[in-house]
Participant: 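Provided herewith is a single structure, encoded as structure tokens, for subsequent inquiry.
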Amino acid sequence: MPKDIIQSPILKTANLKKHFVEGKGIITGGRTIYAVDGISFELARGETVGVVGESGCGKSTLAKTILKLTEPTAGRIIFKGEDITNLSSREMRPIRKDMQIIFQDPRSSLNPRMRVGDIIGEPLQVHKIGQKGEREEMVASLLKKVGLKPEQMMHYPHEFSGGERQRVAIARAIALNPAMIIGDEPVSALDVSIQAQILNLLMDLQEEYGLSYLIISHDLRVVKHICNRIIVLYLGRIVEMADTKTLYDSPSHPYTEALLSAIPSTDPFSGSKKIILKGDLPSPANPPKGCHFHTRCPYKIDICEEVYPELKEIEGNRKVACHLR
Ligand code: SF4
């Protein structure tokens with residue numbers, strides 16, 4: 001677990017929204033998808049925050065909106081004290097150096113026709129850092145930092161294993177010495193044994209460079225060991241936010257409780273009861289009235305069908321959106 005957290009946010013979002021209009025016709029107005037629907041949180045310098053939830057809950061859209069790979073519909077994004085919400089892509093260019101992303105599948109994020117040395121060196125070239133020879137040395141050093149050999153810079157992505165390809169993607173992400181990295185399911189495509197190696201590498205790099213991480217994952221086991229705090233999303237909204245130990249030891253929101261209970265226990269005598277969620281995640285185009293979770297919640301009461309529960313602080317460092325809390 002990273003130790004050196006500086007309590008000034010590197011990133012802050014305020015009521016951030018990303019709505020898409022799907023199937024807009026001339027006569028019919030199309031339908032609105034509320035992918036991200038009012039997210040406010042802070043990421044401190046040196047901190048790792050996990051964002052969890054089922055597929056379709058808005059995690060990846062949140063990542064893309066923060067990075068302004070897609071324009072926000074409403075709300076604010078403050079990065080390193082600067083409001084970047086309305087910056088143009090040209091104005092974003094120098095800021096992009098400081099915010100990088102690692103995707104789930106390095107096979108599709110690494111250009112198969114480029115040598116790994118060029119893939120890692122490309123951002124250095126784009127931002128005009130160093131001369132050609134110097135850049136080669138920087139690439140060699142980056143390869144060593146992520147546990148690969150400098151001579152592998154001549155190889156192509158297909159010559160690497162899945163875990164090694166993700167190491168290449170990480171080397172490219174840290175090439176410009178960023179302040180923040182967003183990992184969008186960074187280990188989901190890897191074998192469990194390799195996942196731990198990549199997570200350990202991310203933690204080592206965090207210590208060395210003082211990085212801040214936002215780790216998006218559908219798998220609560222992945223985020224448990226590397227995150228200081230966890231945000232649980234349901235249909236584009238935060239339903240619970242707490243420090244990792246508090247959240248895992250005593251989940252407060254029924255959805256968090258269900259997600260945690262779905263993790264297979266390694267202890268056959270643990271006796272923990274499984275909460276099976278009824279039905280699928282409702283469509284973000286048509287979220288249920290009231291608490292969006294009421295259609296699946298085992299503890300639903302009358303008010304839940306009518307009134308959305310505000311996200312409120314229930315104890316130090318824990319916020320929950322549930323009428324029962
Ligand atoms: Fe369940 Fe009601 Fe709480 Fe929503 S507000 S999680 S439906 S108890």
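We count ligands from 1, going down the list as the structure has it; atoms in each ligand are counted the same way.
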Participant: Could you name all protein N, O or S atoms found under 2.8 Å from atom 2 (Fe) of ligand 1?
Facilitator: Cys304 SG
Participant: Using the test ring-ring contact (aromatic ring centres under 6.0 Å, His included), find all partners of Tyr213 that sit at least two apart in sequence or belong to another chain.
Facilitator: none
Participant: Hey, is His253 one of the residues with a heavy atom under 4.0 angstrom from ligand 1?
Facilitator: yes
Participant: Can Arg318 and Glu313 be counted as an ion pair, charged N to O under 4.0 angstrom?
Facilitator: no
Participant: Kindly indicate, with the supporting measurements, whether the criterion ring-ring contact (aromatic ring centres under 6.0 Å, His included) is fulfilled by His253 and Phe293.
Facilitator: CA-CA 10 Å; His253 194 279; Phe293 187 58; 5.8 Å; yes
Participant: Excluding sequence neighbours, so at least two apart, what forms salt bridge (Lys or Arg N to Asp or Glu O under 4.0 Å) with Glu159?
Facilitator: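 Listed in chain order: nothing, the list is empty.
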Participant: Take Thr246 and Asp243 through the test side-chain hydrogen bond (donor to acceptor under 3.5 Å, both in side chains) and record every step on the way to the result.
Facilitator: CA-CA 6 Å; Thr246 307; Asp243 68 68; 2.8 Å; yes
Participant: Filter on salt bridge (charged side-chain N to carboxylate O under 4.0 Å, His left out), then keep only pairs touching residues 170-190, sequence neighbours left out; what's left?
Facilitator: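 Counting only pairs at least two positions apart or across chains, the salt bridge (charged side-chain N to carboxylate O under 4.0 Å, His left out) contacts touching residues 170-190 are Glu122-Arg172.
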